[in-house]
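First listed ligand is number 1; within each ligand, the first listed atom is number 1.
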Amino acid sequence: MNKYKETDDKAHKRQMQALKEDVDASIKAAKTKRGVSILLTGNGKGKSSSAFGMVIRSLGYNYKVGVVQFIKGKQSSGEEIFVRERCPSVSFYQMGTGFTWNTQDRPSDIKAAKDTWMVAEKMVKDKTYHLVILDELTYMLSYKYLDEDTVMKVLKNRPINQSIVVTGRGGTSALRDWADTVSDIQETKHAFNEGIMARKGVDF
Ligand code: ATP
Ligand code: MG
């Protein structure tokens with residue numbers, strides 16, 4: 001056997017041992033056991049789909065899950081169809097069709113946002129929910145359709161074992177302060193910018 005190769009293998013083993021010690025020490029240092037608050041924001045793709053990944057994780061353990069979507073898209077999505085049709089245990093709510101980004105319709109947008117928030121608030125206050133997804137909530141705060149103080153008060157007082165995931169671009173500083181975990185998903189490239197159409201099962 002080549003002696004350099006052997007040295008490489010030994011060096012690799014030493015490196016891995018050191019890494020394992022670091023990882024083990026970090027795992028041991030984490031002693032707080034409670035739900036987490038997560039903000040998935042930024043312009044890149046992967047916020048809502050990550051949130052639905054956590055829905056699947058929770059369902060794997062038969063945990064109770066709630067999903068509230070603050071935007072009624074023009075088309076339904078694969079995740080909506082799947083959850084509605086095949087996950088009867090998941091409480092799923094989507095903001096009514098009356099919603100439009102057209103500010104001419106601002107009063108009805110605000111009404112829809114407030115009605116949807118009432119559903120979300122009820123879930124967040126219910127300690128039987130292991131996970132609550134508040135998809136695209138960020139826009140309701142940045143457009144001031146919902147009062148930020150009211151929303152933050154509820155989010156801050158969530159039951160200790162409940163985890164909440166908030167998604168959407170432009171996460172406000174209040175959301176950033178609240179969250180234990182913040183991921184700013186950066187757009188490096190997006191197929192859409194190259195003229196590639198949004199793909200069923202990938203983008204919606
Ligand atoms: P996804 O639902 O795929 O995880 P997302 O939640 O991060 O995306 P949103 O801003 O909610 O992103 O956008 C939803 C839709 O827009 C998805 O179809 C997604 O693929 C698409 N999209 C996300 N980022 C971009 C982008 N930078 N340019 C164009 N389309 C995008
Ligand atoms: Mg999204």
Side-chain angles (χ1 to χ4, degrees), residues 36-60 65-87 90-103 105 109-110 112-117 119-121 123-124 129 131-146 148 151-152 155 158 162-176 178-204:
V36 286
S37 47
I38 301 176
L39 173 65
L40 305 176
T41 190
N43 294 337
K45 172 177 165 61
K47 301 174 289 294
S48 298
S49 43
S50 165
F52 278 91
M54 288 179 255
V55 169
I56 290 175
R57 283 187 174 162
S58 286
L59 292 178
V65 173
V67 178
V68 178
Q69 291 194 304
F70 282 87
I71 289 179
K72 168 72 185 157
K74 286 193 192 95
Q75 59 197 91
S76 68
S77 62
E79 61 269 30
E80 180 195 349
I81 297 166
F82 183 77
V83 170
R84 278 197 200 278
E85 294 183 3
R86 292 191 242 165
C87 307
V90 176
S91 312
F92 186 92
Y93 187 88
Q94 209 175 48
M95 191 143 76
T97 42
F99 189 85
T100 148
W101 292 112
N102 188 341
T103 44
D105 223 357
D109 292 353
I110 292 175
K114 285 185 172 163
D115 289 349
T116 308
W117 172 251
V119 177
E121 181 173 349
M123 282 183 196
V124 171
Y129 282 96
L131 178 70
V132 177
I133 307 296
L134 303 175
D135 196 29
E136 322 295 354
L137 174 67
T138 56
Y139 304 100
M140 303 302 107
L141 302 179
S142 55
Y143 280 76
K144 302 204 186 312
Y145 288 173
L146 295 175
E148 187 166 60
V151 168
M152 293 319 301
L155 295 187
R158 75 182 195 282
Q162 183 185 91
S163 295
I164 302 181
V165 182
V166 171
T167 83
R169 299 173 190 210
T172 60
S173 62
L175 283 170
R176 288 173 180 278
W178 160 80
D180 298 309
T181 299
V182 179
S183 293
D184 286 290
I185 301 184
Q186 191 199 329
E187 183 201 58
T188 304
K189 284 165 91 180
H190 194 289
F192 183 72
N193 297 336
E194 297 301 314
I196 302 170
M197 286 169 77
R199 193 83 177 139
K200 213 170 173 177
V202 174
D203 292 303
F204 61 91

Notebook entry, point to check: Under 2.8 Å from the Mg ion (ligand 2), which protein N/O/S atoms are there?
Noted result: S48 OG, E136 OE2
Check: Hey, does the side chain of Y145 reach the backbone of K114 with a donor-acceptor pair shorter than 3.5 angstrom?
Finding: no
Item checked: Heavy-atom donor-acceptor pair, T41 side chain to G170 backbone, under 3.5 Å -> yes
Next item on the list: Run through ligand 1 for me and note each protein residue having a heavy atom under 4.0 Å from it, chain first, then residue number.
Entry: N43, G44, K45, G46, K47, S48, S49, E136, R169, E187, H190, F192, D203
Next item on the list: Taking side chain to side chain donor-acceptor pair (under 3.5 Å) as the test, write out the residues that go with R176, two or more places apart.
Entry: D184
Answer yes or no: is there a side-chain heavy-atom contact under 4.5 Å between [X] and [Y]?
X	Y	result
L146	T116	no
E121	V124	no
T172	T138	no
R158	V132	no

Cut-off 3.5 Å, no hydrogens considered: what does the side-chain donor-acceptor table look like for residues 196-204, sequence neighbours left out?
unit_1, atom_1, unit_2, atom_2, d
D203, OD1, K45, NZ, 3.3
D203, OD2, R199, N, 2.8

Next item on the list: First locate atom CD1 of I164, then atom OG of S37, and finally report the distance between them rounded to the nearest 0.5 Å.
Entry: 7.5 Å
